[in-house]
Structure formats: C-alpha cells, structure tokens
Amino acid sequence: MANLIVPASAKPDQDGRVLAITPESAGWEYVGFEVFRLAAGETLQRETGEQEACLVLLSGKADVSTNEEQWNEIGSRMSVFEKIPPYSVYVPSGDAYNVTALTDLELAICLAPGQAGHPARLIAPQNVGVENRGSGNMARLVHNILPESQPADSLLVVEVFTPGGHWSSYPPHKHDRDDLPQESLLEETYYYHIQPEQGFAIQRVYTDDRSLDETLAVRDGQAVLVPEGYHPVSAPPGYEVYYLNVMAGPKRTWKFHNDPDHDWLMPR
C-alpha cells in the first residue's frame with residue numbers, strides 16, 4: 001500500500017511545527033508543505049533559501065515581515081469554516097520571513113523552487129478569487145489564493161470547501177504528464193480540516209493502469225500526497241470538508257485531464 005497520508009504530530013516541535021512534507025520525504029521534486037501552530041506571542045523565523053513560500057494564515061492573527069516589507073495585525077478568521085478568504089503572504093526565494101502570532105495561529109507554509117523573480121507581497125482577502133464550482137452534489141466553494149494568473153515562480157495555492165454529501169476534485173482528474181497544452185505535470189498536497197472534527201473525508205488516488213489505486217479515510221489535520229493519478233474527494237453526509245491544495249511542477253500552469261470513464265460528468 002502506498003503511504004499517501006501524512007499525519008500531524010500530537011505536539012508541536014520547538015518551532016511550533018506539527019506537520020512537514022519535503023520533496024525528499026514525499027519522493028518527488030517540487031512541493032514542500034508545513035503547518036505550524038503558534039500561541040499568542042510566539043514567533044517563527046525562517047530564510048527561504050532556494051524556495052519561494054506562500055504563508056497562509058489558516059486561522060488566527062499575526063504580524064508578518066520579510067527583509068523589505070512588514071504587515072501588522074493581519075488575519076481575518078478564527079476558523080477555516082468561517083469560509084472567508086484568508087490573508088496570505090508571498091515570499092520569494094533569497095528572502096526571509098518573521099511571523100509573530102497575536103492570537104492562537106494555525107499557519108500553513110507552501111513551498112516550491114523559486115527564482116527570486118517576484119517581490120514579497122500581501123495577498124489580502126479581497127485579492128483572492130472566490131468561485132462556486134460545480135453544481136448539485138458536485139458543488140463546492142473555491143478560494144484561489146495563488147492562481148497562475150498571479151505572479152509566482154512555481155507555486156499554485158487554492159483552498160476548497162466541500163459540503164457534506166458532496167464531491168470535489170470531481171469528475172476525477174489528473175495532471176501528471178508534462179504534455180502541454182493538453183496536460184501539465186503538477187505534484188499536489190491536500191491538507192484537511194473536517195467539521196465536526198471527529199469526521200473524515202474519503203479520497204481516492206489512482207492511475208489508469210491501477211499501479212496506484214488507493215482509497216483513503218482522511219482525518220482532521222492530516223495531509224495527503226498526490227504524486228500522480230486521479231484524486232477525487234468525498235465529504236460524508238453531516239461533515240463539511242476543507243482542504244488546502246499546493247501544486248508545483250516544471251511549468252506553472254494547471255492543465256488537467258479527466259478520467260475518460262467519468263468525463264461525461266463534466267459540464268460543457
């Protein structure tokens with residue numbers, strides 16, 4: 001069985017980190033992802049090195065600074081399930097960031113190779129594209145935090161809210177071939193929250209030849225690796241499912257290919 005679920009630690013480490021994915025730990029090339037939980041007054045300081053970073057304030061408020069910029073008292077939600085777009089900060093490679101929590105803070109750090117091609121900037125809620133995608137029991141709410149229409153070197157970042165009884169990342173699609181313009185190669189992580197938190201989500205990850213074919217029960221605070229293949233998500237009735245997606249690959253564009261068996265479900 002593929003080891004695609006990455007659990008969170010029960011207790012933060014000395015930096016406040018509860019979850020870490022690196023290209024080395026995932027067995028791929030591009031995407032890194034970390035989650036930190038800081039109490040009010042605690043700080044996190046990091047240099048970006050050769051990676052660009054997108055700091056997503058999942059919940060809570062903070063002061064954030066880079067080598068050249070500073071933003072005070074940012075953060076607009078105390079829970080992801082308030083369903084308002086988050087504050088985020090883009091930090092290029094060759095820079096650094098300092099985060100000081102003003103309240104209890106859950107912070108996601110999205111990482112990918114950088115070229116120092118863009119300045120650090122604040123991504124405020126009003127700069128996040130809000131989209132109601134799909135219909136019927138395929139309807140979900142999407143917040144486009146760092147889409148390809150906004151400047152970055154490698155990263156694509158989006159969050160999705162799937163109501164109970166609904167499906168998302170559906171019809172099943174994949175993006176594991178560098179074959180533009182038909183399909184782009186993008187590694188992807190999913191980071192989950194469930195409401196109520198004792199619930200679970202179901203995610204299937206499978207390839208056409210079924211050399212990878214896993215069905216996963218994912219709990220609150222866990223992440224899922226999608227190295228290749230199709231990767232639909234189901235939210236059981238009674239439980240709302242949130243996930244934060246991070247994608248990166250050799251070319252910064254999202255071109256997906258639907259599973260031919262289920263492509264008929266795609267609105268035309």
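Computed over heavy atoms, backbone and side chain alike; hydrogens, waters and symmetry mates excluded.
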Parallel, tilted or perpendicular for F81 and Y242, by the 30°/60° rule?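 Perpendicular, since the angle between the ring planes exceeds 60°.
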
Which class fits the ring pair H257 and Y230: parallel under 30°, tilted 30 to 60°, perpendicular over 60°?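 Judged by the thresholds at 30° and 60°, the geometry between H257 and Y230 is tilted.
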
Do H175 and E188 meet the criterion of a side-chain donor-acceptor pair at a distance under 3.5 Å?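 Short answer, yes.
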
For N258 and H173, which I'm curious about, is there any donor-acceptor pair between the side chains at under 3.5 Å?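 No.
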
Once rounded to the nearest 0.5 Å, what's the spacing between atom [atom1] of [X] and atom [atom2] of [Y]?
X: S88; Y: L57; atom1: OG; atom2: CG; value: 7.0 Å
X: L156; Y: I145; atom1: CG; atom2: CD1; value: 11.5 Å
X: D153; Y: S93; atom1: CG; atom2: OG; value: 6.0 Å
X: I109; Y: L19; atom1: CD1; atom2: CG; value: 12.0 Å
X: E240; Y: R140; atom1: CD; atom2: CZ; value: 14.0 Å
X: L44; Y: L55; atom1: CG; atom2: CG; value: 7.5 Å

For the pair R204 and D213, evaluate side-chain contact (heavy atoms from CB on, under 4.5 Å) and give the outcome as yes or no after the intermediate values. CA-CA 7 Å; R204 187 179 178 206; D213 191 357; 3.2 Å; yes

Under 3.5 Å, is there a donor-acceptor pair between the side chain of [X] and the main chain of [Y]?
X: R77; Y: P85; answer: no
X: R121; Y: P151; answer: yes
X: E42; Y: A39; answer: yes
X: D13; Y: R17; answer: yes
X: T103; Y: G60; answer: no
X: H143; Y: E159; answer: no

Can a salt bridge be assigned to the pair K174 and D259 using a cut-off of 4.0 Å between side-chain N and carboxylate O?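 A salt bridge is absent here (no side-chain N lies under 4.0 Å from a carboxylate O).
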
Over all heavy atoms of both residues, which pair between F161 and V80 is shortest? Give the atoms and the distance, please.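 Scanning both residues, the minimum pair turns out to be CE2-O, 3.0 Å.
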
Compare all side-chain heavy atoms of [X] with those of [Y] and state whether any distance is below 4.5 angstrom.
X: Y206; Y: P232; answer: yes
X: E29; Y: E187; answer: yes
X: Q203; Y: Y243; answer: no
X: Y30; Y: P23; answer: no
X: L4; Y: L212; answer: yes
X: W71; Y: S65; answer: no
X: Y87; Y: S76; answer: yes
X: M78; Y: K61; answer: yes

What donor-acceptor contacts under 3.5 angstrom involve side-chain atoms of residues 246-255, with partners at least two apart or in another chain?
{"from": "K251", "atom 1": "NZ", "to": "D178", "atom 2": "OD1", "distance (Å)": "3.3"}
{"from": "K251", "atom 1": "NZ", "to": "D178", "atom 2": "OD2", "distance (Å)": "3.2"}
{"from": "R252", "atom 1": "NE", "to": "L155", "atom 2": "O", "distance (Å)": "2.6"}
{"from": "R252", "atom 1": "NH1", "to": "E148", "atom 2": "O", "distance (Å)": "3.4"}
{"from": "R252", "atom 1": "NH1", "to": "Q150", "atom 2": "O", "distance (Å)": "2.8"}
{"from": "R252", "atom 1": "NH2", "to": "P147", "atom 2": "O", "distance (Å)": "2.8"}
{"from": "R252", "atom 1": "NH2", "to": "Q150", "atom 2": "O", "distance (Å)": "3.0"}
{"from": "R252", "atom 1": "NH2", "to": "L155", "atom 2": "O", "distance (Å)": "3.0"}
{"from": "T253", "atom 1": "OG1", "to": "E148", "atom 2": "OE1", "distance (Å)": "2.9"}

If you apply the rule side-chain contact (heavy atoms from CB on, under 4.5 Å), what do you find for T189 with L225, and how did you get there? CA-CA 5 Å; T189 57; L225 307 175; 4.1 Å; yes

side-chain contact (heavy atoms from CB on, under 4.5 Å) evaluation trace for Q70 with D63: CA-CA 8 Å; Q70 182 169 342; D63 294 337; 5.6 Å; no

Taking CD in Q126 as the centre, count heavy atoms belonging to other residues, nucleotides or ligands within less than 6.0 Å. Is the count above 12?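 Buried by this count: over 12 neighbours within 6.0 Å.
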
How about F200: does its CZ atom have over 12 heavy atoms from other parts shown lying under 6.0 Å from it?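 Counting neighbours around CZ of F200, 12 or fewer heavy atoms of other residues, nucleotides or ligands fall under 6.0 Å, so no.
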
With sequence neighbours excluded, residues passing salt bridge (Lys or Arg N to Asp or Glu O under 4.0 Å) with D104: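 So D104 forms no salt bridge (Lys or Arg N to Asp or Glu O under 4.0 Å) with any residue.
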
Show the numbers, then the answer: is there a side-chain contact (heavy atoms from CB on, under 4.5 Å) between C110 and L244? CA-CA 10 Å; C110 314; L244 178 72; 4.3 Å; yes

Looking at V158, V128, I123, N127, which hits side chain to side chain contact (heavy atoms under 4.5 Å, CB included) with L146?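 One option only clears the test, and that one is I123.
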
